[in-house]
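All chains are named by letter (A, B, ...) in the order of the sequence lines, taking the proteins before the strands, and each is independently numbered beginning at 1.
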Amino acid sequence: MSATASSLVRVEQAHWGDRVYSWALRLIAALVPLLIVAIGVELYRGSQPSRVAFGWHFLSSSAWDPVFGHFGAWPYIYGTLLTTVLALLIAAPLGVGTALFLAEMAPLWLRAPLGYLIELLAAVPSVVYGLWGIFVLAPWLQNSLEPWLTAHFGFLPFFQGAPYGVGFLAAGLILAVMTVPFIVGVAREVIAAVPVSQREAAYALSATHWDAIWDVVLPSARSGILGGIMLGMGRALGETMAVTMVIGNRPTVSASLLAPGYTLSSVIANELTEAMTQLHLSALREIGLVLFGITLVVNILARLFVWRVTRGIGKVI
Amino acid sequence: MLELRLPKKTPPGAEQADPPGTAAELDPSLAAPAEDAPPAREVVRAHGINFFYGQHQVLFNVEVTAYEREILALIGPSGCGKSTFLRTLNRMNDTIPGARLEGEVLITGQNIYAPGTDVIGLRRRVGMIFQRSNPFPFSIAENVAYGLKVNGLAKKKGEQADVVERCLRATGLWDEVKDRLNKPALALSGGQQQRLCIARALAIEPEILLMDEPASALDPIATGRIEELALELKEKYTIVIVTHNLQQAARISDRTSFFLMGRLVESGRTQAMFTNPQRKETEDYITGRFG
Ligand SMILES: Nc1ncnc2c1ncn2[C@@H]1O[C@H](COP(=O)(O)OP(=O)(O)OP(=O)(O)O)[C@@H](O)[C@H]1O
Ligand SMILES: [Mg+2]
């Protein structure tokens, strides 16, 4: 009788411990979204003077004059979007191709080591990429690639003007290298997740390996791959250090990729410590708010895509 | 490309190196698919098959023959190597890393493991239906037409639609799906999906159909339809079917090969084998003493 009673007590205690534990976990889990909300709120409140002074015009104006107090974010938005698009144009085919090679074609013994090496690319500090950009990439662009581009494709608006080395193109290339590992990582997983039965169905109908990849594997993995690309995009949008080092830091809105530019994150990094006026500070915070909004939306979309695939919903067209 | 060699004309009774236990095959009256008919053509002949997954050998000196327009059932307890053997017949095991085969498989006389064999061309002649139906996440019509597409057949839209209709009719699916050919195949029921997979395999006009427990995931009614379908298809195709269901083997197959632990124990006319097995293991299995 007493044995039963004491064991009951112990069960109750364990129960109590469980409950504390579970509440603690819930609190920690809730903290993360709360933190995100808090950041958003803080940016919103901090940008009040700027929002009142410029309204929506802030997004479309190209003025940036701390002395006279005119602020507009358009060149920064433009620079961020352009370098990101450029990076993805290069990184997406490269990343998906690499993922296909790793998941489908590489000999088994090569897959793991090559995969690690590519993941390692994501671990290189961005300032190191920046150094490489300044000392290797930019001089090469200035002396070789950019003159070649203007000579052969100078009739296109994208390749006009003097070669500076630093600029949109340099930033786009650096960002491409930095986003590739994200795209490879996700794409490789979703490609490997396409069921063997689907591939075998194709093979049994006398499809070649390439047919099976193109017709069956890629369509099934499509939305997951898109998610991986968007994760890479989130990374490219917010990347600061390496971009600041190679983009030239001049607020230009130019179709030419050879021109120097500026991005949302770079202008914050460069000017925050020097901002004297309340309005300048709040304009920088509004820039932060814009960047925060863009990256948040992109990341949520990316997660949704990846989630759809891993839950198998993406497979039912 | 595959070298074309004339089919070896070996009458079924004249096989050599038969393992013990295939006595039924040595007796032409038992082995010949149809009584009084001229000896049927050998369509599949697997000879001395040893199969390895890495170091692990799962098939030992297997000899199996299938004749034109018959249903050959492969039976045996789980894990005895039926699926592995079936997949050697269209070289589906090629895609498994570390898998290795010794011996030869003749499809109408040509050794499909000879160097330089066109595996893609082989799979056009030897279709396969899997245990779990595996339609593509495309529309019903696109599923049936996929084989045409990868093989560059029936390029014109009209031709393609004809083939789709013919194959869906052949599998009894046409009336059920004709109004939703462009709807996703994955919305069909399990039995319909499996018949769709059969229709898809028929579209490229194979000579041989390999079926790996095609009905094991289906209810009795859907199973019945697959069995009827197999009996109809046998008019045109040679069918090798793996089944766990002995009644099914008895109902539909002309001949049966019984596998045990990677070895072929006995092959023969289904009726004869089920009523009068030559080997004790076979008897134990079909009377339900193990497996
Ligand atoms: N891809 C593989 N890699 C390694 N071993 C395998 C593989 N596929 C099957 N095997 C092994 O080979 C043996 C035969 O398997 P197989 O699938 O051919 O048997 P089966 O007769 O079809 O069984 P079941 O009736 O359960 O489908 C088993 O021991 C199995 O574990
Ligand atoms: Mg099996």
Side-chain angles (χ1 to χ4, degrees), chain A residues 100-115 187-227 305-317, chain B residues 83 86-87 89-98 118-139 142-153 182-187 193 196-206 208-212:
Chain A
L100 269 180
F101 176 74
L102 282 178
E104 296 279 333
M105 275 168 261
L108 285 180
W109 58 268
L110 193 63
R111 293 183 188 190
L114 213 57
R188 195 179 153 193
E189 240 165 75
V190 293
I191 287 169
V194 177
V196 173
S197 65
Q198 289 283 309
R199 298 156 200 259
E200 290 194 334
Y203 291 137
L205 292 165
S206 112
T208 60
H209 192 176
W210 180 247
D211 291 328
I213 289 175
W214 194 250
D215 298 331
V216 176
V217 174
L218 280 182
S220 291
R222 183 177 49 203
S223 55
I225 291 175
L226 221 61
F305 272 117
V306 176
W307 178 80
R308 257 166 57 100
V309 172
T310 47
R311 293 296 165 94
I313 302 167
K315 275 175 218 123
V316 189
I317 296 192
Chain B
S83 297
L86 194 73
R87 292 161 58 92
L89 302 183
N90 65 345
R91 293 190 57 168
M92 196 54 93
N93 287 326
D94 285 15
T95 57
I96 298 174
D118 170 18
V119 179
I120 305 301
L122 165 73
R123 295 196 186 126
R124 233 179 99 174
R125 304 176 56 202
V126 186
M128 187 166 220
I129 318 296
F130 297 83
Q131 176 169 3
R132 301 212 151 267
S133 61
N134 51 1
F136 299 121
F138 314 152
S139 74
E142 282 169 332
N143 262 279
V144 181
Y146 182 74
L148 302 176
K149 187 191 143 206
V150 286
N151 288 288
L153 304 167
N182 296 317
K183 295 274 152 53
L186 291 170
Q193 287 189 16
L196 178 68
C197 290
I198 298 177
R200 183 173 69 179
L202 296 183
I204 52 174
E205 301 185 3
I208 301 161
L209 284 175
L210 309 176
M211 301 186 172
D212 193 350

> Side chain, backbone, both or neither: which part of Arg200(B) has a non-hydrogen atom closer than 4.5 Å to chain A?
Replying inline: both
>> Heavy-atom pairs under 4.5 Å with chain A: which of Met92(B), Arg91(B), Met128(B) has the most?
In response: Met92(B)
> Are the side chains of Leu153(B) and Arg124(B) in touch, meaning some heavy atoms are under 4.5 Å apart?
Replying inline: yes
> Is it the side chain or the backbone of Pro135(B) that comes within 4.5 Å of chain A heavy atoms, both, or neither?
Replying inline: backbone
> In terms of ring plane angle, is the pair Phe138(B) and Tyr146(B) parallel, tilted or perpendicular, where the classes change at 30° and 60°?
Replying inline: tilted
>> Main chain of Leu102(A), side chain of Arg111(A): is a donor-acceptor contact present, judged purely on distance under 3.5 Å?
In response: yes
> Relative to chain A, which segment of Ile120(B) carries a heavy atom at a distance below 4.5 Å: side chain, backbone, both, or neither?
Replying inline: both
>> If I take atom CZ from residue Arg199(A) and atom CG from residue Asn134(B), how far apart are they, to the nearest 0.5 angstrom?
In response: 13.0 Å
